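As the structure is a prediction and not an experimental result, all values here were calculated from the model.
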Amino acid sequence: MREGKKFKKLLIGVAAAAMTMLCTLPVSAATKSFKPITVKAGRCIHLLNTNIQSNAITNYSYRIQPQSSGTRYDIVYAYGGEAEALKGARTDSGQIINNTYIKSSTSSNQGMIACLKVTSGSVKLSVKITSPNAKSKITAAYQSSSHSPLKNTRTIKKGQWIKMTRTGSNLSTLPLIVAAKKGANINRRLNTTSYENYSFKSKYVAFRRYTNKKGGKLYKRKYLTTNGRTKYHFMLIPQSSAGRSYTGVLTTKKGNVTYYYPSDYITVSGYAGNSK
């Protein structure tokens, strides 16, 4: 931020009084902006707080601005204690403000704010932090060209199933991107008496939970992004009452389905060619 003009002359008494006041008041948090980074197609970058305790960041904000109409990017990012994900995003993110991280464990002193990969075009990435520590910083670390926020599974065709499990991190949920075309249908088996059904429509996913064959409320969730006829639906799957974080068995009932997931802390724990 550009500060106002400084006074050229100050009365000695006023200056001395001001210095005394500054010495007796507690240090307050200050906001610091970093020079924007241009991330080009094919590049993947991690925004990291490499020393959470020392940096003492009370909150951070960042903005992703596409530099052309053909720009597309994928991202997995921390938000509100969970992880969110976008596949094929093309719009300005606006200011994303948060104070939590994706960590390898709850006790880790290092955390990731976001993993961003530009698949076409380029974006301008701007970052701000608020901290009482004047030396606090955020690290922008470029990853190898093969690294990606979202790893894709093979296509799960009609009658086939897949299941995934959380393998670590401080998260209690599983963020997934489900890619399919209009007409696709998925059954998510929760236990012996309950399952969920997802039906891909032209503009939204119709979702309903069934318990003992009785259907609950029908929800309609708009697609976050699309790519031609392919629709991308975001699922944030909570852990079970037993504390397990897994998808349950996801069976394709109609069409073809591909899942995109953060491979750093989610693994595919089962594939099969027949319904289960």
Side-chain angles (χ1 to χ4, degrees), residues 1-39 43-66 73 75-86 89 91-118 123-143 147 149 166 168-173 175 236 262 264-265:
M1 295 178 65
R2 185 178 179 181
E3 298 178 353
K5 295 181 178 179
K6 296 181 178 179
F7 292 108
K8 292 183 178 180
K9 296 181 180 180
L10 292 173
L11 295 174
I12 295 176
V14 174
M19 289 180 66
T20 302
M21 290 178 65
L22 288 173
C23 290
T24 58
L25 289 175
V27 177
S28 60
T31 299
K32 177 165 50 176
S33 299
F34 298 91
K35 183 179 179 180
I37 301 170
T38 298
V39 186
R43 302 303 303 272
C44 182
I45 194 168
H46 282 182
L47 282 182
L48 302 169
N49 184 344
T50 58
N51 194 327
I52 294 173
Q53 185 175 359
S54 176
N55 284 325
I57 296 170
T58 55
N59 66 63
Y60 57 78
S61 67
Y62 59 98
R63 183 178 180 182
I64 303 166
Q65 295 174 279
Y73 61 91
I75 185 171
V76 172
Y77 61 102
Y79 193 78
E82 302 298 345
E84 303 283 341
L86 285 172
T91 59
D92 189 321
S93 70
Q95 289 291 340
I96 300 174
I97 304 171
N98 191 36
N99 61 0
T100 61
Y101 304 93
I102 300 171
K103 302 194 295 183
S104 59
S105 67
T106 55
S107 60
S108 176
N109 192 39
Q110 175 173 298
M112 185 173 71
I113 294 171
C115 176
L116 167 71
K117 183 163 189 175
V118 179
V123 303
K124 183 172 75 172
L125 177 62
S126 305
V127 181
K128 295 180 182 180
I129 62 173
T130 301
S131 172
N133 181 358
K135 295 182 179 181
S136 62
K137 63 181 181 179
I138 291 296
T139 300
Y142 280 99
Q143 306 299 299
H147 188 77
R166 179 173 64 87
S169 87
N170 60 322
L171 304 176
S172 61
T173 53
L236 190 61
D264 289 339
Y265 49 91

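Gln65 contributes atom CD, which lies 7.5 Å from atom OG of Ser93 (distance to the nearest 0.5 angstrom). How far CZ of Phe34 is from OG1 of Thr139: 8.5 Å, rounded to the nearest 0.5 Å. To the nearest 0.5 Å, atom CG of residue Leu47 and atom CE of residue Met112 are 9.5 Å apart. The NZ atom of Lys128 sits 9.5 Å away from the CZ atom of Arg63 when rounded to the nearest 0.5 Å. Interatomic distance, Ile64 CD1 to Ile75 CD1, rounded to the nearest 0.5 Å: 3.5 Å. If you take CG on Asn51 and CG on Asn133, they are separated by 9.5 Å, rounding to the nearest 0.5 Å.
Scanning all heavy atoms of the two residues, the minimum distance from Ser108 to Lys103 falls at O-NZ, 3.1 Å. Residues Ala56 and Pro132 approach most closely at O-CD, 3.4 Å, considering heavy atoms. The shortest non-hydrogen separation linking Leu171 to Gly81 is CD2-O, 3.8 Å. For the pair Thr58 and Ser131, the tightest heavy-atom approach, listed with the atom from each and the gap, is OG1-N, 4.4 Å. Closest approach of Pro149 to Cys44, counting heavy atoms only: CD-SG, 4.3 Å. Between Ala83 and Leu236, the closest heavy-atom pair is O-CD1, 3.4 Å.
Partners of Asn49 by side-chain contact (heavy atoms from CB on, under 4.5 Å), not counting sequence neighbours, listed by chain and number: Ile52, Asn55, Ile57, Tyr101, Ile138. The side-chain hydrogen bond (donor to acceptor under 3.5 Å, both in side chains) check on Ser169 picks up nothing, with sequence neighbours excluded. Take Asn59 and apply the side-chain contact (heavy atoms from CB on, under 4.5 Å) test, not counting sequence neighbours, and it matches Asn99, Thr130. Under the side-chain contact (heavy atoms from CB on, under 4.5 Å) criterion, Pro66 pairs with Thr71, Tyr73, Asp92, sequence neighbours left out. Looking at residues two or more places apart in sequence or on another chain, you find a side-chain contact (heavy atoms from CB on, under 4.5 Å) between Ser107 and Ser105. Residues satisfying the side-chain hydrogen bond (donor to acceptor under 3.5 Å, both in side chains) criterion with Asn98, sequence neighbours excluded, are Tyr60, Thr100.
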Take Tyr77 and Leu116 through the test side chain to side chain contact (heavy atoms under 4.5 Å, CB included) and record every step on the way to the result. CA-CA 8 Å; Tyr77 61 102; Leu116 167 71; over 6 Å; no
Run Ser136 and Lys32 through side chain to side chain contact (heavy atoms under 4.5 Å, CB included) and show every step you take. CA-CA 9 Å; Ser136 62; Lys32 177 165 50 176; 4.1 Å; yes
Go through it in stages, so that I can follow the logic: the residues are Lys135 and Ser54, the test is side chain to side chain contact (heavy atoms under 4.5 Å, CB included), and I'd like the CA-CA distance, side-chain angles, deciding distance and then a yes or no. CA-CA 9 Å; Lys135 295 182 179 181; Ser54 176; over 6 Å; no
Is there a side chain to side chain contact (heavy atoms under 4.5 Å, CB included) between Val76 and Ile102? Walk through the geometry before answering. CA-CA 10 Å; Val76 172; Ile102 300 171; 4.1 Å; yes
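In terms of modelled atom types and a separation under 3.5 Å, the side chain of Glu84 and the main chain of Glu82 share no donor-acceptor contact.
Within a 6.0 Å sphere centred on CD of Gln95, heavy atoms belonging to other residues, nucleotides or ligands number more than 12.
No option in Ile113, Ile97, Ile96 other than Ile96 meets the side-chain contact (heavy atoms from CB on, under 4.5 Å) test with Tyr79.
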